[in-house]
Each structure stands twice: as structure tokens, then as C-alpha cells.
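Inspection log for the structure reproduced underneath, given as C-alpha cells.
Reminder, nothing fancy here: chain letters follow the sequence lines and each chain counts from 1. What you see below is based on every heavy atom in this structure, not just the backbone, and it leaves out hydrogens, waters and symmetry mates. Not measured: the values here are computed from a predicted model.
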Number of protein chains: 2
Amino acid sequence: MKDCTVYKTMNIIGKRWTIHILLELHKGEKKEKRFNELKRKLGNITPKILSERLMELEVEGLITKKVDDSTKPPRSEYYLTESGMDFVKIIQAIKRWGLKWKFQDEECKRAICMYCDH
Amino acid sequence: MKDCTVYKTMNIIGKRWTIHILLELHKGEKKEKRFNELKRKLGNITPKILSERLMELEVEGLITKKVDDSTKPPRSEYYLTESGMDFVKIIQAIKRWGLKWKFQDEECKRAICMYCDH
DNA sequence: CAGGATCCAAAAGGATACTG
DNA sequence: CAGTATCCTTTTGGATCCTG
């Protein structure tokens, strides 16, 4: 079972906060987001967990971290890679499934959902 | 965040073993599977967890439990509902994503994967 | 600002034994 | 066969404080 692709893939993206981080990176016009910006947007995520998840996602290639050393203190920016953007499509499919079968009349059904951002 | 459709949907299907149970119910010709049959196929899942997951999935409407009282002891059979089968498509999308971006040359890529069953 | 380091509480899941 | 009931270990993640 440990060899199963589905299993291994879930290990990458199945942890708490992970898909919300991806979603947050997908939102809005400006695609690069900074650490504290994500922290703020994600409500009550602790820096420890956010840091852990960002590292995992970077190691797995779904996001990239870019550090701008020209400022002090240096600023980090995170953004989705191609595979990360591709995975967002699956999150959107999950959302569609949820709307279809389970949570029919939610805010989320609106064109621009404040949570998921179509 | 608790109101987010993605969040709520992940609460339904994001727990350990859940998608493997769905996958197992999707495999093979015979679509109805019994408790101990699932237990055996899923390797080392404990009856407690299997029982929990099956109950959750039934409550959420992804599977149906049918009890045949004519035999003794009565036998239970589990099978996917329409929404459950619809969700399997997402699992397959997850698998495709994994194969495309992460785990390129696995057993899983074969036409019939012993784990995921295309 | 962008985290790292500790410490701790809670939850999740595993092992095992038992039962109608 | 189809689970329940206990007990216990391990894993998570949250709270908080600290720093270059």
C-alpha cells in the first residue's frame, strides 16, 4: 500500500492546511505571497505549521520560494509551480463535488468564493 | 474557513484509509464487498478504524450498507452510491497527477494497477 | 519580516480481546 | 461474520517565546 501512487500523493497534499495554502497562493492577481501575508490570510495557522507546510510543498515541487536579498530584512515570496497549479484543478474538482453532492446552497457557490476563489 | 466547501469536503474524505476504502469498493467485477473482505484487502487496517470509516462514509452518503438477514449470522455488504462513484473520479485524477508530476515509473502506471485499479 | 525552538494538549489510529 | 470495547502509543498541531 505504501507503494500506491494515490497513497503517496495523499501524503504530499493530505495534511492539514496544505490545500488551503495552495488555494491561497492561487487567489487574486498578485501570485507571489509572503510568509506573514499567508499567515494573516489563513487565519489562525501558527508560524510553525505554515513553515512546515511551505517547506514540504517546496521540497515536493508544488511551490517555489524566492528570496529577495536586496531588502533588509530579506523578503521571501512563495508562488505555485506548474505542478502546483495543476493540482489546484483537483482542489477545484473537490469543491465541485462538494457543491454537487453535499453543500448545495453555500456562499461558495457564488462566482467568486471568498474561501476558494473559483 | 470552517464554512469553506473544500474544507468541509476534505473533512469527509481526508482521513486515513478513507479513499482506499472507496477505491477498494470500486475494484473488480463484484461491487458489493463485505466487512472482512475489505479488512483483508486493505492489509493492516484494524476493525475499529474500518468500522469508523464505513460509518462515516455511509452517513455522508458515499456508500450504502445492505444487511442480508436471511443468513445467520447476517451478512453486511457495502457498495458505492452515485456520489461515491463520482468521487472515485477525483481519486483517479489525484492518481494521474501523481503519475504525471511525481512518481513516473511505477507499477501504478500499468493498465491495471494492483493498488488503484484504473 | 520570516521564521526557528520548545513545550504541551489533543486526537487519531493501532493492538488486542471479546461478543451476539 | 461483523463488528465493539479498551487500552495505549504515536503523531499532529497549537501556544508561545525568541531572534537575526
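Between T46(B) and dG13(C), a side-chain N or O to OP1/OP2 separation shorter than 4.0 Å is absent. For S76(B) and dC1(D), the shortest distance from a side-chain N or O to OP1 or OP2 is not below 4.0 Å. The phosphate of dA11(C) has neither OP1 nor OP2 within less than 4.0 Å of any side-chain N or O from R16(A). Distances shorter than 4.0 Å separate some side-chain N or O of Y78(B) from OP1 or OP2 on dG3(D). Dashed line: the shortest gap from a side-chain N or O of W17(B) to OP1 or OP2 of dA12(C) is not under 4.0 Å. Phosphate contact (OP1/OP2 of dA2(D), side-chain N/O of K66(B), threshold under 4.0 Å): absent.
The nucleotide whose nearest atom lies closest to any side-chain atom of P47(A) is, among dG4(C), dA2(D), dG20(C), dG4(C).
With rounding to whole Å, K15(B) atom NZ is found 7 Å from dG13(C) atom P. In this structure, E77(A) atom CD and dA2(C) atom C1' are separated by 13 Å, rounded to whole Å. One atom, CE of M55(B), and another, P of dA2(D), lie 14 Å apart when rounded to the nearest Å. Rounded to an integer number of Å, the gap from N11(B) CG to dA11(C) P is 14 Å. The nearest whole Å value for the distance from the CD1 atom in I45(B) to the P atom in dA15(C) is 11 Å. D69(A) places its CG atom 12 Å from the P atom of dG3(C), with the value rounded to the nearest Å. Atom-to-atom, CZ of R40(B) to P of dG3(D) comes out at 14 Å; the value is rounded to the nearest Å.
For E52(B) and K15(B), the salt-bridge test fails: no basic side-chain N is under 4.0 Å from an acidic carboxylate O. For the pair R40(B) and E37(B), the salt-bridge criterion is not met [side-chain N within less than 4.0 Å of a carboxylate O].
A ring-ring contact (aromatic ring centres under 6.0 Å, His included) check over residues 48-88 of chain A, counting only residues at least two apart or in different chains, returns the pairs F87(A)-W97(B).
Within the 4.5 Å cutoff, the side chain of M10(A) has heavy atoms near those of the I94(B) side chain.
Residue K48(A) is classed as a base contact, given a heavy-atom separation below 4.0 Å to a base.
One axis for each end of the helix from dC1(C)-dG20(D) to dG20(C)-dC1(D), each built from five base pairs, and the angle between them comes to 50° at 10° resolution.
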